[in-house]
Amino acid sequence: MQICGVSALGLVASLSVARNVTFIIIAVGLTCLIAAFVFAYKHKVLASASTLLVSLSSMLFALAATGAGLFDIAILGYPTLVIFAAILGGVGLFITLLSFVTLQCVLIVGLSLQGIITPHIPSTSWEHLIFTLVIFIVTGFSVYILVRDIKDLMTSLQGENIKVAQSRTQIQHLAHHDSLTNLPNRLYGETLFNLSLSECEEHGQSLALLFIDLDNFKPINDALGHAAGDQLLKSLTQQLTEILSPKQYLIRFGGDEFLVIAPFNPESDELTSLANALIGQCASVFDIFQNQVRVSASLGTASAPKDGTDFKQLCRKADIAMYKAKQDGRNTYHHYDESLDKASENKFKMLQLLRPALSEQQFELHYQPIVDLKSGNIKTLEALLRWPQPDGSMIPPDLFIPLAESSGLINELGSWVVRQATQFCAQLRQQGHSDIRMAVNLSVMQFKDDQLQRTIESALYEAGLPPEALELELTESLLIDETEQIQKQLASLSKLGITIAIDDFGTGYSNLGYLRNFNASKLKVDRSFISPLCFSEHDESLVGAIINMAASLGLQTVAEGIEDEETLQKLLLLGCDTGQGYFWSKPLPENALMEFLKSRNT
């Protein structure tokens, strides 16, 4: 539209001084320009450009043919048309117009040489100056438009390049950093590790990976919401960052797990000091949404080149050390050593054997009598799970039970234990031991799917055993975890007539409040208090206090680990009700237990 407008103004100026046939040619050209302007206004760009270029080239040809031929002023307009074609079209339109103009020039020369047209060389006049100026002004304006558009395009491209560079930088940052804490993520952490390792090798230093896992982050998320959990992670990030030096990097490994990359001198205590400082910062009090929150952390370390130089392998080893710290009581740290890797490998191999062992029923139940201390009568049998091996050895329950819990097999294994124990108890009752009861240990994982009561009811029904003959033993830590859910299920089981015993009392929280909440009827005092009873006044006072407390709450007490007559007599004096231990019998398989019961009856 700009080009059409300027060209039309130029033709109007030319029309004012044109005469005879020149006037007619320019008038026709002006009409075509108006048509091209209308096409452009209606966004018909191709039609507008074609009309403009064809009409103007034809007009210039006509002016040259009726004027001075190849020496006519109109020939000066051809470069302008070529510029128009470059502005308005692509390569095809440009080449087409250039060819068309060239052909017109050749045609003018040919017609002149053949005498068909006779060039008229006019004398110089003011009209010719006007025609020349019109051509120059239109050409200059067209060039100005072209250059201006090119400059605007270059400026726009520079702006876009800056935006692209900024976007690339932002995308790269997002790809390498955690969106919540803005810390380097695991991917970028590997790059930082490799760079730090190269520097440490140059300066003769070691490089440590410190793997941090928060111990009690989930309860905060559950109680206060994920927004509070996110705020805690950001606050913790800020505190941990403040104690790190410029060459130490804090990385968000995932969830509530962090990784610290830190160079250190292996001959100094730098690594230990840093581990203690990190644990201390994690144990700080955080103000989260008007709540004071305290967490703790378990930390594991591995170092290069001592434990290897591969980032992923060192992360795995630091992770193994961290889990060892959790086992050691949490809120502490542990350095990696090869024995941890061996233990981890053994657990993996055991896990591979666990499922086939369950499907092939390789497990056995052994039974240990629980004896009334005053009468000596066997009142209850505790069912204890055993995993015998082909070489005659046994894998201890404290090794495979946690694996069964973590692998999701504990429910199936627990159901098998309940069925086997109830059936054996029913069998003993049919053989004359009509008052014998069976005690079965439960895992916290068996409460997760709300199928525990159905499983127990089904086992009692299949065995034909009354609910009063079954006793469920629960550890203190189980009662602390997800209290409301477990309390509801235990209340339903108690209504059936099943009794509840608290196992290993004294080794956990020893909270008296939950004893009422969970309808417990027995307390089992852990063997760690019973074994030194005869030579430790402190333990004697403690056991006596537990027995008196249980009696005041209407609970019976069971002493675990009674090994000799002296301990038995001491417990009788303290008022303990029942006990179990090697003084009477170790845990026995079914046949041996039946023989043991027969021998006591005779």
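In this chain, numbering begins with 1 at the start of the sequence shown.
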Side-chain donor/acceptor of [X] to backbone N/O of [Y], under 3.5 Å:
{"X": "Ser458", "Y": "Arg454", "result": "no"}
{"X": "Ser406", "Y": "Leu403", "result": "yes"}
{"X": "Asp269", "Y": "Thr272", "result": "no"}
{"X": "Asp310", "Y": "Lys312", "result": "yes"}
{"X": "Arg386", "Y": "Met394", "result": "no"}
{"X": "Arg252", "Y": "Pro184", "result": "no"}
{"X": "Ser415", "Y": "Asn411", "result": "yes"}
{"X": "Thr181", "Y": "Asp178", "result": "no"}
{"X": "Ser531", "Y": "Ser528", "result": "no"}
{"X": "Asn377", "Y": "Lys379", "result": "no"}

More than 12 heavy atoms of other groups within 6.0 Å of [X] [atom1]:
{"X": "Glu566", "atom1": "CD", "result": "no"}
{"X": "Asn591", "atom1": "CG", "result": "no"}
{"X": "Asp435", "atom1": "CG", "result": "no"}
{"X": "Gln352", "atom1": "CD", "result": "yes"}

[X] side, atom [atom1]; [Y] side, atom [atom2] - distance, nearest 0.5 Å:
{"X": "Glu190", "Y": "Asn185", "atom1": "CD", "atom2": "CG", "result": "11.0 Å"}
{"X": "Leu233", "Y": "Asp256", "atom1": "CG", "atom2": "CG", "result": "7.0 Å"}
{"X": "Asp319", "Y": "Leu209", "atom1": "CG", "atom2": "CG", "result": "11.5 Å"}
{"X": "Gln327", "Y": "Leu340", "atom1": "CD", "atom2": "CG", "result": "8.5 Å"}
{"X": "Ile456", "Y": "Leu496", "atom1": "CD1", "atom2": "CG", "result": "8.5 Å"}
{"X": "Leu207", "Y": "Thr309", "atom1": "CG", "atom2": "OG1", "result": "10.5 Å"}

Worksheet entry | Worked check of ring-ring contact (aromatic ring centres under 6.0 Å, His included) between Phe400 and Phe363 | CA-CA 11 Å; Phe400 68 82; Phe363 294 97; 5.5 Å; yes
Between [X] and [Y] (salt bridge meaning N to carboxylate O under 4.0 Å), is one present in this structure?
{"X": "Asp215", "Y": "Lys326", "answer": "yes"}
{"X": "Asp328", "Y": "Lys324", "answer": "yes"}
{"X": "Lys522", "Y": "Glu473", "answer": "no"}
{"X": "Glu412", "Y": "Arg355", "answer": "no"}

Does any donor atom in the side chain of [X] or [Y] lie under 3.5 Å from an acceptor atom in the other side chain?
{"X": "Glu457", "Y": "Gln453", "result": "yes"}
{"X": "Glu364", "Y": "His366", "result": "yes"}
{"X": "Gln368", "Y": "Gln580", "result": "yes"}
{"X": "Gln313", "Y": "Asp307", "result": "no"}

Practice prompt. Report yes if the distance between the aromatic ring centroids of Phe193 and Phe311 is under 6.0 Å, otherwise no.
Written response: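 They qualify: ring centres under 6.0 Å apart.
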Fill in: Working for side chain to side chain contact (heavy atoms under 4.5 Å, CB included), residues Thr237 and Thr241
CA-CA 6 Å; Thr237 296; Thr241 303; 4.0 Å; yes
Do [X] and [Y] have side-chain heavy atoms sitting under 4.5 Å apart?
{"X": "Arg437", "Y": "Thr499", "result": "yes"}
{"X": "Leu244", "Y": "Tyr249", "result": "no"}
{"X": "Lys586", "Y": "Leu588", "result": "yes"}
{"X": "Tyr367", "Y": "Leu597", "result": "no"}
{"X": "Tyr336", "Y": "Thr301", "result": "no"}
{"X": "Phe583", "Y": "Glu563", "result": "no"}
{"X": "Tyr333", "Y": "Ile279", "result": "yes"}
{"X": "Leu384", "Y": "Leu365", "result": "no"}

What's the shortest heavy-atom distance between [X] and [Y], and which atoms?
{"X": "Ala297", "Y": "Leu214", "value": "CB-CD2, 4.1 Å"}
{"X": "Gln556", "Y": "Asp577", "value": "CA-OD2, 3.2 Å"}
{"X": "Thr557", "Y": "Ala550", "value": "CG2-CB, 3.4 Å"}
{"X": "Pro466", "Y": "Leu460", "value": "O-CD2, 4.1 Å"}
{"X": "Arg330", "Y": "Ser298", "value": "CA-OG, 3.5 Å"}
{"X": "Cys282", "Y": "Ile212", "value": "SG-CG2, 4.1 Å"}

Practice prompt. Only one of Val371, Leu373, Asp372 passes side chain to side chain contact (heavy atoms under 4.5 Å, CB included) with Ser375; say which it is.
Written response: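 Among Val371, Leu373, Asp372, the one meeting side chain to side chain contact (heavy atoms under 4.5 Å, CB included) with Ser375 is Asp372.
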Item to complete: Take Cys425 and Ile436 through the test side chain to side chain contact (heavy atoms under 4.5 Å, CB included) and record every step on the way to the result.
Response: CA-CA 7 Å; Cys425 184; Ile436 202 77; 4.0 Å; yes
Worksheet item: What do the steps show when you test Glu565 against Gln569 for side-chain hydrogen bond (donor to acceptor under 3.5 Å, both in side chains), and what is the final call?
Response: CA-CA 6 Å; Glu565 178 71 29; Gln569 295 303 321; 2.4 Å; yes
Worksheet item: Hey, mind stepping through Gln420 and Gln361 against side chain to side chain contact (heavy atoms under 4.5 Å, CB included) and telling me if it holds?
Response: CA-CA 11 Å; Gln420 292 293 113; Gln361 296 187 358; over 6 Å; no
Fill in: Test log, rule side chain to side chain contact (heavy atoms under 4.5 Å, CB included), inputs Tyr582 and Asp564
CA-CA 8 Å; Tyr582 279 23; Asp564 50 52; over 6 Å; no
Fill in: Verdict with reasoning, Ser273 to Asn276, per side-chain hydrogen bond (donor to acceptor under 3.5 Å, both in side chains)
CA-CA 5 Å; Ser273 298; Asn276 284 321; 5.9 Å; no
